[in-house]
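Notes follow once the structure below has been shown.
Chain letters run A, B, ... following the sequence lines, proteins first and then strands; every chain starts at 1.
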Number of protein chains: 4
Amino acid sequence: MTQGAGSDHRSRPRRRGSELTAAIYDAVLAELATSGYGELTMDAIAKRAGTGKASLYRRWPTRTELVMDAVYATLPGEQDLPDTGSLRDDIVCTFTSIAAGLSGPVGAALRGLRGEALIDPTVAERVRDYSRSAALHTLRRIVDRAAGRGEIDASKLSPLRLAAGPAIMRNHFLFNDMEDFDIVSLVDEVIMPLLTHPTGSLQVRDI
Amino acid sequence: MTQGAGSDHRSRPRRRGSELTAAIYDAVLAELATSGYGELTMDAIAKRAGTGKASLYRRWPTRTELVMDAVYATLPGEQDLPDTGSLRDDIVCTFTSIAAGLSGPVGAALRGLRGEALIDPTVAERVRDYSRSAALHTLRRIVDRAAGRGEIDASKLSPLRLAAGPAIMRNHFLFNDMEDFDIVSLVDEVIMPLLTHPTGSLQVRDI
Amino acid sequence: MTQGAGSDHRSRPRRRGSELTAAIYDAVLAELATSGYGELTMDAIAKRAGTGKASLYRRWPTRTELVMDAVYATLPGEQDLPDTGSLRDDIVCTFTSIAAGLSGPVGAALRGLRGEALIDPTVAERVRDYSRSAALHTLRRIVDRAAGRGEIDASKLSPLRLAAGPAIMRNHFLFNDMEDFDIVSLVDEVIMPLLTHPTGSLQVRDI
Amino acid sequence: MTQGAGSDHRSRPRRRGSELTAAIYDAVLAELATSGYGELTMDAIAKRAGTGKASLYRRWPTRTELVMDAVYATLPGEQDLPDTGSLRDDIVCTFTSIAAGLSGPVGAALRGLRGEALIDPTVAERVRDYSRSAALHTLRRIVDRAAGRGEIDASKLSPLRLAAGPAIMRNHFLFNDMEDFDIVSLVDEVIMPLLTHPTGSLQVRDI
DNA sequence: CTCTAAACGAGACGGTACGTCCAGTCTTCGG
DNA sequence: CCGAAGACTGGACGTACCGTCTCGTTTAGAG
């Protein structure tokens with residue numbers, strides 16, 4: 001009694017499964033592009049995708065997970081490593097292409113997800129599971145390959161040294177405009193020096 | 001005689017100005033401590049502070065600004081620089097004390113503010129105005145002093161090199177647990193090398 | 001975070017208290033008139049009244065109670081008894097005016113309320129508290145007055161005999177069209193005979 | 001080999017036709033008994049009956065019709081008239097057995113159906129088609145038989161007079177507790193007097 | 001016995017209304 | 001005027017059902 005009516009006058013055939021999922025992903029990205037992450041609502045996504053909220057909640061328990069899936073579906077899988085033969089050029093190449101991917105709605109989404117993770121610890125876990133620092137991950141592989149060529153001594157590198165470049169780039173991505181970021185300088189002034197600097201030369205810790 | 005229903009029987013004289021402001025700050029921090037940033041609501045703050053929402057909105061246009069004021073009111077002003085005579089030890093000392101300040105409700109608030117800034121560009125501006133990277137700022141002053149002592153050549157340092165250490169620490173603060181973070185390693189493996197590494201020695205850019 | 005925005009561009013001054021309540025009652029009756037009880041939704045009422053659902057739920061826990069208040073607010077209080085000097089004419093007069101009141105949106109509402117009471121026992125209680133059978137109640141008073149005049153012997157009347165007329169009328173109101181109902185016949189063929197028939201003349205029970 | 005995902009491992013042979021219909025009726029009554037009419041949902045009925053909603057909608061266009069069929073399937077067909085030789089005793093007998101049938105889930109269903117009819121005029125029509133006032137219907141046949149015996153003069157009876165008894169009983173059934181209802185008093189104080197009272201003795205209408 | 005069409009079971013789909021929560025604004029008193 | 005209290009408009013939330021649909025499986029009946 002007195003519940004929803006629900007006559008169905010829409011475009012048959014009804015979408016299901018992956019077809020519908022894809023349409024929802026599109027809707028999420030479209031909403032992100034036009035309104036931004038802060039204005040992203042489940043109602044709007046459902047309306048834009050031409051479906052009902054139930055179909056969203058049936059697949060994703062929270063908005064966060066929906067956005068994660070929508071975003072990561074657009075990201076390339078395992079990056080093809082560039083292979084210039086030079087460690088430095090490989091890094092420049094990789095970081096540049098990653099930076100390119102962080103613009104537009106995808107970048108907005110990633111920022112938003114990170115934002116929610118900062119606000120809600122519950123979300124933080126889920127985001128962490130999903131997110132790999134693409135930059136750090138790829139850098140490690142490039143460095144390993146360079147070590148194979150004998151270009152550097154990877155065994156001497158600490159995780160912290162590898163993390164420095166990606167950390168700076170991520171900070172810039174998150175809190176500044178990605179436009180005014182000079183990747184070449186980052187590589188030459190920070191990343192390469194840390195990769196080649198002799199370990200322990202300044203190990204004054206034990207003095 | 002017949003007193004109105006919602007009459008006000010509070011005996012304490014009504015608070016005004018800074019007294020009230022301080023009470024509100026306390027309420028904000030208390031809410032942050034018990035519920036976290038995600039559950040922080042204006043209603044709850046007002047109720048806890050024993051005031052009305054209007055008194056909040058009269059002072060702060062948004063929740064974000066209220067939290068910023070509440071948090072920065074608890075932070076120390078210009079940090080007294082430590083002076084150990086050694087660049088490295090000054091840095092270790094400073095970073096350690098900054099890290100200590102980032103725990104508890106204040107840390108939660110800062111994370112939350114950063115989070116909202118990531119979600120809403122409008123908020124981002126306001127947050128940026130307020131927030132200075134304490135670590136970066138202080139590091140610069142310490143380095144300048146060391147340059148005065150002749151310990152290093154500050155003129156050769158690029159902003160990127162200075163930024164690396166604070167960037168790593170911030171990343172860790174934002175997205176990992178601050179507990180398992182080794183400041184000494186950061187200083188010895190990343191910051192110090194970058195400060196002392198000869199500039200341009202690896203400038204293969206022009207090759 | 002990410003909760004409703006809520007900018008306020010509406011007609012000030014804002015309505016409160018009884019003014020708002022009256023506007024809501026109007027909205028309920030208007031919705032009843034245009035859509036019927038079955039299509040009555042809280043959303044529609046709120047929209048029509050130009051308020052939010054919260055203001056409805058703040059006042060009434062359920063739609064049923066809202067409708068009851070809205071309807072009973074339009075009903076006249078204690079009916080002025082007609083006084084023709086004749087028992088029969090008083091009854092005809094009263095029943096006719098009651099029947100008149102049961103048409104239009106008010107009638108629809110009463111039917112709807114009764115309907116919900118039949119479906120949900122919880123509602124039934126609330127409805128029972130509100131509703132008095134106006135017909136039965138008034139009939140009793142008229143009969144008592146006639147007894148005062150010596151027209152009949154009220155002490156001999158059983159409640160069941162009084163109930164017959166109102167029961168038939170109510171049944172007709174609830175399950176048939178009120179238009180084709182002949183009150184005069186009801187009075188002459190059922191009510192008056194029962195009021196004047198000697199009690200027990202047919203007490204064959206004990207035979 | 002590779003079996004489809006949603007394969008069907010149920011061992012029991014699939015039910016069809018009247019076997020399935022009977023199972024659905026059972027489910028409806030079971031739901032009514034455990035949850036009441038208000039909580040009756042098509043989903044729950046389908047689940048309880050171990051079938052799909054499509055099988056319900058294939059048979060009944062609305063929940064109302066389903067419930068009507070389920071309920072009327074349990075009701076006895078044409079009542080065997082009692083035959084005590086006395087009009088009064090026949091009536092008492094009949095009304096008593098009808099009242100007995102109105103308890104339990106069937107009574108709840110009938111109340112619920114009536115309720116929905118009051119809320120939705122569309123439903124009202126369907127319900128009216130189905131429902132015959134068993135009491136009124138049977139009463140008429142008993143009275144006719146008594147007239148045949150010469151016990152009363154049926155030609156003088158108006159429909160309104162016949163309706164009074166059933167109306168009172170129905171009202172009691174719908175809006176009060178059937179337990180505290182005295183059928184004997186109803187018969188002796190209302191029904192019998194109206195059946196035997198000389199018509200028109202009070203016809204003051206034309207005066 | 002095989003083949004086909006229909007019915008069956010399960011549940012996803014597009015949709016409406018629910019009742020709750022909070023944002024930000026406004027009103028009403030009392031000091 | 002400002003403080004305290006809280007009601008107001010509005011919008012999104014996540015849930016429950018609706019009635020329809022699609023999908024694979026089972027069954028009955030025809031050839």
Quiz item: Could you go step by step and tell me if B:D43 and B:T41 meet the side chain to side chain donor-acceptor pair (under 3.5 Å) rule?
Solution: CA-CA 5 Å; B:D43 289 80; B:T41 69; 4.9 Å; no

Practice problem: Verify the contact: side-chain N or O of D:T51 to OP1 or OP2 of E:dG9, cut-off strictly under 4.0 Å; return yes or no. | Solution: yes

Quiz item: How is C:S55 classified with respect to the nucleic acid when contacts are heavy atoms under 4.0 Å: base, sugar-phosphate, or nothing?
Solution: base

Quiz item: How long is the line joining OH of B:Y57 and P of F:dG3, in whole Å?
Solution: 17 Å

Self-check item: Rounded distance (Å) that lies between atom C1' of E:dC8 and atom CG of D:L56
Solution: 12 Å

Quiz item: At under 4.0 Å between heavy atoms, what does B:A46 touch on the DNA or RNA strands: base, sugar-phosphate, or nothing?
Solution: nothing

Quiz item: CZ of A:R63 versus C1' of F:dG14: gap in Å, rounded?
Solution: 13 Å

Self-check item: Atom-pair distance (CD on C:E65; P on E:dG19), nearest Å
Solution: 12 Å

Quiz prompt | Nearest-nucleotide comparison on DNA chain F, the residue closer to the 5′ end among C:A49 and A:T62 | solution = C:A49

Practice problem: Find the distance A:I45:CD1 to F:dG14:C1' and express it as a whole number of Å. | Solution: 14 Å

Practice problem: Mark yes or no for a side-chain to base donor-acceptor pair under 3.5 Å between D:K53 and F:dG19, with no hydrogen or angle criteria applied. | Solution: yes

Self-check item: 5' priority, DNA chain F, between C:G17 and D:A44 [closest heavy atom]
Solution: C:G17

Quiz prompt | Nearest heavy atoms of D:A44 and D:E31, plus distance in Å | solution = CB-OE1, 3.6 Å

Quiz item: To the nearest angstrom, how far is A:K47 atom NZ from F:dG11 atom C1'?
Solution: 12 Å

Quiz item: Under 4.0 Å between a side-chain N or O of A:R15 and OP1 or OP2 of E:dG14?
Solution: yes

Quiz prompt | Whichever of D:L20 and C:M42 has its nearest DNA chain E nucleotide further upstream toward 5' | solution = D:L20

Exercise. Mind checking the OG1-CH2 spacing from C:T21 to C:W60? Nearest 0.5 Å is all I need.
Key: 5.0 Å

Quiz item: Rounded to the Å, how far apart are A:R14 CZ and F:dC21 C1'?
Solution: 4 Å

Exercise. Establish, with yes or no, whether the OP1 or OP2 oxygen of F:dG3 is under 4.0 angstrom from a side-chain nitrogen or oxygen of B:R58.
Key: yes

Self-check item: 5' priority, DNA chain E, between A:R16 and C:D43 [closest heavy atom]
Solution: A:R16

Exercise. Give a yes/no answer on whether the side chain of D:R48 brings an N or O atom under 4.0 Å of OP1 or OP2 in E:dG9.
Key: no

Quiz item: How about C:R15 and C:S55: does a side-chain donor come under 3.5 Å of a side-chain acceptor?
Solution: no

Exercise. Round to the nearest Å and state the distance from B:I24 atom CD1 to F:dG3 atom C1'.
Key: 10 Å

Quiz item: Contact class for D:A54 (heavy atom, under 4.0 Å): base, sugar-phosphate, or nothing?
Solution: base

Quiz item: When you look at CZ of A:R126, are more than 12 heavy atoms from neighbouring residues, nucleotides or ligands closer to it than 6.0 Å?
Solution: no

